[in-house]
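Please read the structure below before turning to the comments.
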Amino acid sequence: CWNGAFVTAPPAKPALPLAEMLHSPEAGIARLLETINRRDKTRMRQALIAGLRQLLDEGHASARTILAGPRGGLACAHRLSAVMDAVVRGLHSAAVTYFYPADNPSQSERIAVVAVGGYGRGTLAPGSDVDLLFLFPHKQTAWGESVVESMLYPLWDLKLKTGHSVRSIDDCVREARADMTIRTALLEARFLVGDRSLFDEMVRRFDAEVVEGTAQAFTEAKLAERELRVQRAGASRYLVEPNVKDGKGGLRDLNTLFWIAKYAYRVHDVRDLVEAGLFDKQELQMFQRSEEFLWRTRCWLHFITGRAEERLSFDLQRQVAAEVGYAGRSGQAPVERFMKAYFLIAKDVGDLTAIVCAALEARQQKPRASLSPAAQDSPPKRCFVRANSPGVPANGAARVSRRSRAGTSTFQSPPSRASAQTSVAGWLARQAKLRGPVGTPRTGTRSATGRLARVRTLPSARSITFTSWAKRP
């Protein structure tokens, strides 16, 4: 108090400033701990946890500010991941430099800390789990066990949901062969800190001994896993309270598409899928637009509720619509416009799923397609797709049949939806256009108003045909 007026003291400078920790976590940790007697381990741990808690609070505040800006969904997820990277690297520096230094480490006393799963993609929501792999060259040593514990305990003290595994390179290869979940997690492994050569060796052996020659099995497993997940979350993408993460047309569907494409085509970024021939530029933009919208929605759900809430319930729809910035227009309330946008995005994700499935089938990454009626063990399943593609009649319909282990599935588009966007039939038509025009009608078939046309045989899709017909007057 000065002359009867209260003077507000300036806020204390964070022990671990965000800008410094994002740039060089090791330097920030050294500056924090150098002032403390190294023998006083308890005080060092207390100072470390307090500094990291401030860092997380500042990082979450900055991520929320980013989220409120234009195209802030993925940027927010990347910022939260970068903040967590700083925390993990800082803990590793404290462990190997101040708590358990190894003056003359042996070949077995090496460790690489690796981000896996969603964290390995470099994206985190405010309430996401943090999945870590502690990688060792051989069996874990006493020194390695101490380092792992000194990193995990502070993460738990910070109330972070941390999933971890401790494995050697041999363990990673053996368990990835046996378990598709572990294989998927390692598919998106990202080096954080430690011995880089150890991580590179694991990636090399994973590619050579696990991925090589197993694309078809992985694709089938991921698509079967998706079907089970969608059945649990709701079989329709138009649920009134959709699950943004696990529901049909949600983020997990986009993740599954990229996992399959990454495994089959060995790409590392979604933009590489254009060069690989899986997407064209318009479909890539559709993927990126869908990912941005879903991440923006999911991050706001977590920030509003303060927990890892994935279901867009009625009471949350209005709040998220307001935070995203929707306003009433043309007699529609903000929440109505927001949910309409959500369902259109979910539809686009469904279109992308059909495109990827058709592309993988054409490249024989899935069971070979067939039109043989004798091979059908069960009545065909039907689902609608888009059909206004080059080479497909604008007033007609298109149908693709494909064999799978479950029988034959028939994809058919009704005439009333013939003006929708390109999907399976459109993808096949584009491929036919690249290699030559759609074949002429067979001789001796029906009249021009009911003719049967066959796609020119493609080098990578020899067993796939589709039938098109025009409406009779």
Side-chain angles (χ1 to χ4, degrees), residues 60 63-64 67 71-81 84 115-131 160-163 180-181 184-185 187-188 221-262 270 286-321 323-324 338-339 341-353 356:
H60 275 234
R64 185 160 184 160
L67 183 61
R71 298 190 62 81
L74 272 173
C76 172
H78 290 320
R79 168 55 64 89
L80 290 171
S81 178
M84 189 54 59
V116 294
Y119 182 32
R121 289 192 297 273
T123 53
L124 284 178
S128 292
D129 296 350
V130 179
D131 296 322
L160 295 172
K161 294 184 293 183
T162 306
M180 282 293 177
T181 301
T184 305
L187 181 65
E188 296 193 300
K222 287 292 108 179
L223 291 178
E225 178 184 293
R226 174 186 178 272
E227 291 301 321
L228 292 176
R229 170 176 51 79
V230 166
Q231 289 177 8
R232 289 195 299 266
S236 172
R237 62 174 51 91
Y238 303 117
L239 296 176
V240 293
E241 291 186 322
N243 189 307
V244 177
K245 178 183 176 183
D246 292 325
K248 192 172 185 179
L251 266 173
R252 187 64 76 208
D253 275 0
L254 288 180
N255 296 152
T256 300
L257 295 184
F258 185 64
W259 291 335
I260 294 173
K262 186 174 184 178
V270 67
M286 184 189 300
F287 185 100
Q288 294 172 327
R289 182 174 62 251
S290 301
E291 187 178 34
E292 166 63 29
F293 183 93
L294 292 172
W295 265 110
R296 191 181 185 106
T297 302
R298 187 185 182 206
C299 287
W300 275 124
L301 275 174
H302 287 202
F303 275 127
I304 291 171
T305 60
R307 62 180 185 274
E309 179 61 61
E310 310 295 353
R311 188 170 297 280
L312 197 54
S313 59
F314 288 125
D315 57 330
L316 291 173
Q317 289 172 12
R318 296 181 183 277
Q319 299 179 61
V320 174
E323 295 290 357
V324 173
F338 167 68
M339 292 307 297
Y342 179 89
F343 291 132
L344 288 173
I345 288 294
K347 177 184 69 66
D348 287 344
V349 174
D351 291 343
L352 291 171
T353 302
V356 171

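Contact check for Arg298 versus Ser128: side-chain heavy atoms found under the 4.5 Å cut-off. Here the side chains of Phe293 and Asp348 are not in contact, with every heavy-atom distance at 4.5 Å or above. Side-chain contact between Leu316 and Trp300 is absent, with no heavy-atom pair separated by less than 4.5 Å. Counting heavy atoms from C-beta outward, Arg318 and Phe338 have side chains that stay 4.5 Å or more apart. Between Leu312 and Met339 there is a side-chain heavy-atom pair separated by less than 4.5 Å.
Between the side chain of His60 and the main chain of Leu80, no donor-acceptor pair closer than 3.5 Å is present. Panel note: side chain Thr353, backbone Val349; a donor-acceptor pair is recorded below 3.5 Å. Under a 3.5 Å cut-off, the side chain of Arg229 and the backbone N or O of Asp246 do form a donor-acceptor pair.
For Glu323, there are no salt bridge (charged side-chain N to carboxylate O under 4.0 Å, His left out) partners, not counting sequence neighbours. Taking the salt bridge (charged side-chain N to carboxylate O under 4.0 Å, His left out) definition, one finds that Arg311 meets it with nothing, sequence neighbours left out. Residues satisfying the salt bridge (charged side-chain N to carboxylate O under 4.0 Å, His left out) criterion with Glu241, sequence neighbours excluded, are absent altogether. Under the side chain to side chain contact (heavy atoms under 4.5 Å, CB included) criterion, Thr181 pairs with Asp179, sequence neighbours left out. Residues passing the side-chain hydrogen bond (donor to acceptor under 3.5 Å, both in side chains) test with Gln317, sequence neighbours excluded: none. Not counting sequence neighbours, Arg237 has no partner by the salt bridge (charged side-chain N to carboxylate O under 4.0 Å, His left out) test.
Taken from CG in Leu223 to CG in Leu228, the straight-line distance is 11.5 Å, to the nearest 0.5 Å. To the nearest 0.5 Å, atom NE2 of residue His78 and atom CZ of residue Arg121 are 11.0 Å apart. Taking CZ of Arg79 as the start and OG1 of Thr123 as the end, the distance is 15.0 Å to the nearest 0.5 Å. Rounded to the nearest 0.5 angstrom, Glu292 CD and Leu74 CG are separated by 5.0 Å. To the nearest 0.5 Å, atoms CD (Glu309) and NE2 (His302) are separated by 7.5 Å. Taken from NZ in Lys262 to CG in Leu257, the straight-line distance is 14.5 Å, to the nearest 0.5 Å.
Nearest heavy atom pair, residue Val244 against residue Tyr342, reads CA-OH, 3.8 Å. The minimum heavy-atom distance between Leu239 and Ser236, with the atom names listed, is CG-O, 3.4 Å. The two residues Val270 and Phe258 make their nearest non-hydrogen contact at N-CE1, 3.5 Å. Heavy-atom minimum distance, Cys76 versus Cys299: SG-SG, 3.9 Å. A pairwise comparison of heavy atoms in Met84 and Leu160 identifies CE-CD1, 3.7 Å as the closest pair. When all heavy atoms are compared, the tightest approach of Gln319 to Asp315 is NE2-O, 3.2 Å.
Look at Lys248 and Asp253 and you find no salt bridge, because none of the NZ, NE, NH1 or NH2 atoms lies under 4.0 Å from a carboxylate O.
Glu188 and Trp259 form a side-chain donor-acceptor contact under 3.5 Å, judged by distance and modelled atom types alone.
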- [ ] Could you go through the side-chain contact (heavy atoms from CB on, under 4.5 Å) check for Asp129 and Tyr119 one step at a time?
- [x] CA-CA 8 Å; Asp129 296 350; Tyr119 182 32; over 6 Å; no

